[in-house]
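Written below as C-alpha cells is the structure these notes are about.
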Amino acid sequence: MSLQGKDILLIISGGIAAYKSLELIRLIKKSGGRVRCVLTKSGAEFVTPLAVAALSGEPVYSDLFSLKDETEMGHIRLSRVADLVVIAPATAHLLARAAYGLADDLATTILLASDKPVLACPAMNPMMWKHPAARDNVALLKKRGMMFVDPVPGEMACGEHGEGRLAEPEEIFDRILAFFDAGGRALAGKKALVTAGPTYEPLDPVRFIGNRSSGKQGIAIAAALADAGAETVLVTGPVHEPLPENIRIVRVTTAAEMLAACKEELPCDIAVCAAAVADWTPENFTAEKIKKSDGKKPPAIALKENPDILKTLAGLGNQRPPLLVGFAAETGEVVKRAKAKLAKKGCDWIVANDVSEGMDTFGGDENAVHLLKSDGAAESWPRMHKNEVAEKLVGEIIVTLM
Ligand code: PMT
C-alpha cells in the first residue's frame, strides 16, 4: 500500500512536537503522496516555512488574508482538493477552536469549510489533555466524525510525565495508510474481535449441551465492523448462517476453545462478545456413547463451570481490549439485571436483549435492545432487524473510538 495519487493537507499547529511533522511530510512524500501544508502562526514559531516547503516541495500556506495565497489557491479550494486533512500536532487551542467552529485563521477556516475527513493528532501537556475542557472538545469533535491518533505517554518537553506526547510520525503515517487501505472508512487501522453463536459442550461422541443461538446477531456485528474498515475476526461457535467474506473466521465448538481463540487474537481495539456461551460443561466426557438401560433411571449429568470469556477479557490488564462490549440475554427485569451484569463482568458497554419465550431473539431476524454504558448512559432502541442493530452499535463504536 502506498499513498500514490493521494492528496494530504497537513495542518501544523504550534507545539514543540511540530518538528515531528517534518518527518511525517518526508514519509508521505516517500510513499508517493502529495502533501500541502498549512502552518499556523504559532506553528511557525517551532518549524520554519522554508523547511516545510523544502520537504513538501509545495508552497506553504499560513495567512488567511494573503493576496498571493488566495490568488494561487484560495482557502476554500485548499480545503477541497485534499483526500484527507491531517492536523499534527493538534494543540489544545486549535482543537478548542475547531470544536467551537471558530474561523479566525487559515487552519480553522479550512477545518470549518472542509467536507473532507480529518485526522487529528493531539500533543499537549498531560494535565491539559486530561482537563475536562479538552475532554469535552475532543468528545464533540469525535461525535462529529473527526478521527484521532491519541497522544502517547512519556516524558514531556516541560519535564512532566504523562499522556500528551505526539504519536510518532511512523504511527501517524501507518494510520493514514490504513485509512486509505480501508477505502477511507472510519475504523481503518482498528482491529475488532467478535464472538457469535452458541457453544456446544460434549457429553459423549454424539450428544452435547447447547443453546438456540443462530449467530445472526454476532455475524451482523462483525460484518458491520468490517464494512466500517476494521480488520475483523469472528470467533464463532457452530452456526449455519452464511458468513461474510471480508472477515476472518475462527470456528470453535466449546467455551474453552472460544476463550483460547479470543486470547490468540489479542491485542485488539474492539471486542464484542455476542456469543451465547454455555455457562456449564459436563464434568466428564464419556468416550463411548452413553447407553440407555431399560428400566434404569436416566443418567445424572454432573456439570462444572465454564470460563467466563467476557470477564476474562475484561481482567487482562494491558491486553484488555480498550472497548469491550458484552451482551446480556435476560428473561425478566432486563435493564436491571443487565446493569448488574455490566458491573460484574467489568466490560465497558452491555447490550441487553429480552430472550423470553415468544420474543424470538434467539434465532430470529429482529432484536430490541438496550445499550447500557459503564458511565451510566443508557438508551433503549426500538425493535429492528439484527443488521440494523449491528449498524447502530457500530455507529456508537465509531463515535467512541475516533
Ligand atoms: O445468535 P442469535 O440467534 O442472533 O441470538 C443473539 C443472542 C440472543 C445470542 C445475542 O443477542 C446475545 O444476547 N448474546 C449473549 C448471550 C449470553 O450468553 O448472554 P449472558 O447474559 O448469558 O452472558 C452475558 C455476556 O457474557 C455475553 O456477552 C456472553 O457472551 C458472555 N459470557 C457468558 C458466559 C460465559 N461463560 N462466557 C461469556 O463470555
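Order of listing sets the numbers, starting from 1, for every ligand and every atom in it. Note: hydrogens, waters and symmetry copies are ignored here, and every other heavy atom, side chains too, is used. The shown structure was predicted, so the numbers you read here are calculated from the model rather than taken from an experiment.
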Taking the basic N atoms (NZ, or NE/NH1/NH2) and the acidic carboxylate oxygens, is any pair closer than 4.0 Å for K41 and D105? no
Evaluate the side-chain hydrogen bond (donor to acceptor under 3.5 Å, both in side chains) criterion for residues S356 and D354: first the C-alpha distance (whole Å), next the side-chain angles of each, then the deciding distance (0.1 Å), finally the verdict. CA-CA 6 Å; S356 308; D354 190 339; 2.5 Å; yes
Check whether any N or O atom of A329, backbone or side chain, sits under 3.5 Å from an N or O atom of ligand 1, and answer yes or no. yes
Sub-4.0 Å atoms of ligand 1 with respect to non-hydrogen atoms of T361: 3 (O), 5 (O), 8 (C)
Can you check whether L39's main-chain N or O pairs, donor with acceptor, with S62's side chain at less than 3.5 Å? yes
Student check: side-chain heavy atoms of E23 and R26 closer than 4.5 Å: yes
Looking only at heavy atoms, the pair that brings I350 and C347 closest together is CD1-SG, 4.1 Å
For G5 and D83, work out which heavy atoms get closest and say how close. O-OD2, 3.9 Å
Please report whether ligand 1 has a polar contact with G215, defined as an N or O pair separated by less than 3.5 Å (distance criterion only). yes
Regarding R36 and D7, does a basic nitrogen lie under 4.0 Å from an acidic carboxylate oxygen? yes
At what distance is the nearest protein heavy atom to atom 18 (O) of ligand 1, and which residue and atom is it? A276 CA, 3.4 Å
Mode of P307 contact toward ligand 1 - side chain, backbone, both, neither (heavy atoms, under 4.0 Å): backbone
Of all protein heavy atoms, the one nearest atom 33 (C) of ligand 1 is K345 NZ, 3.6 Å
Should the proximity of N353 to ligand 1, defined as any heavy atom under 4.0 Å, be assigned to the side chain, the backbone, both, or neither? side chain
Atom indices of ligand 1, in the order listed, that fall short of 4.0 Å to a heavy atom of K216: 1 (O), 2 (P), 4 (O)
Taking every non-hydrogen atom, the tightest pair across K386 and G363: NZ-N, 4.0 Å
Heteroatom proximity flag, K386 to ligand 1, N/O under 3.5 Å: yes
Short N or O distance, V355 and ligand 1, threshold 3.5 Å exclusive: no
Whether E330 and K336 form a salt bridge (side-chain N of Lys/Arg under 4.0 Å from carboxylate O of Asp/Glu) is what I want to check. no
Can you check whether I221 reaches F327 side chain to side chain, under 4.5 Å on heavy atoms? yes
Measure the distance from atom 29 (C) of ligand 1 to every protein heavy atom, then report the residue, atom name and distance (to 0.1 Å) of the closest one. A275 O, 3.4 Å
Closer than 4.0 angstrom: is that true for some heavy atom of A196 and an atom of ligand 1? no
Using a plain distance cutoff, I'd like to know if S214 has any nitrogen or oxygen under 3.5 Å from a nitrogen or oxygen of ligand 1. yes
Checking a contact table here: which protein heavy atom is nearest atom 6 (C) of ligand 1, and how many Å away? Q217 CB, 3.7 Å
Sidechain-backbone polar pair: K304 side chain, T281 backbone, donor-acceptor under 3.5 Å: no
Under a 4.0 Å heavy-atom limit, does K311 contact ligand 1 with its side chain, its backbone, both, or neither? neither
Does T195 have a heavy atom less than 4.0 Å from any atom of ligand 1? no
Would you say G218 and ligand 1 have an N/O pair spaced under 3.5 Å apart? no
In the protein, which heavy atom is nearest to atom 39 (O) of ligand 1, and how far is it? L310 N, 2.8 Å
Using a 4.0 Å heavy-atom cut-off, say whether A274 meets ligand 1 through its side chain, its backbone, both or neither. backbone
By number and element, which atoms of ligand 1 are closer than 4.0 Å to a non-hydrogen atom of G326? 28 (O)
Could you tell me the residue and atom name of the protein heavy atom closest to atom 25 (C) of ligand 1, and the distance to it rounded to 0.1 Å? F327 O, 2.9 Å
Hey, are the side chains of M156 and P126 touching, using non-hydrogen atoms and a 4.5 Å cut-off? yes
Closest approach of A99 and N137, non-hydrogen atoms and distance? CB-OD1, 3.8 Å
Atom indices of ligand 1 within 4.0 angstrom of A328 heavy atoms, with elements: 21 (O)
Just need the protein heavy atom nearest to atom 37 (N) of ligand 1, so name the residue and atom and give the distance. I309 N, 3.1 Å
Ionic contact status for D360 with R383, cut-off 4.0 Å: no
Within the structure provided, determine whether K191 and V233 are in side-chain contact (heavy-atom separation under 4.5 Å). yes
Could you list the atoms of ligand 1 found under 4.0 angstrom from a heavy atom of D279? 34 (C), 36 (N)
Protein heavy-atom partner closest to atom 20 (P) of ligand 1 - residue, atom, separation in Å: K341 NZ, 3.6 Å
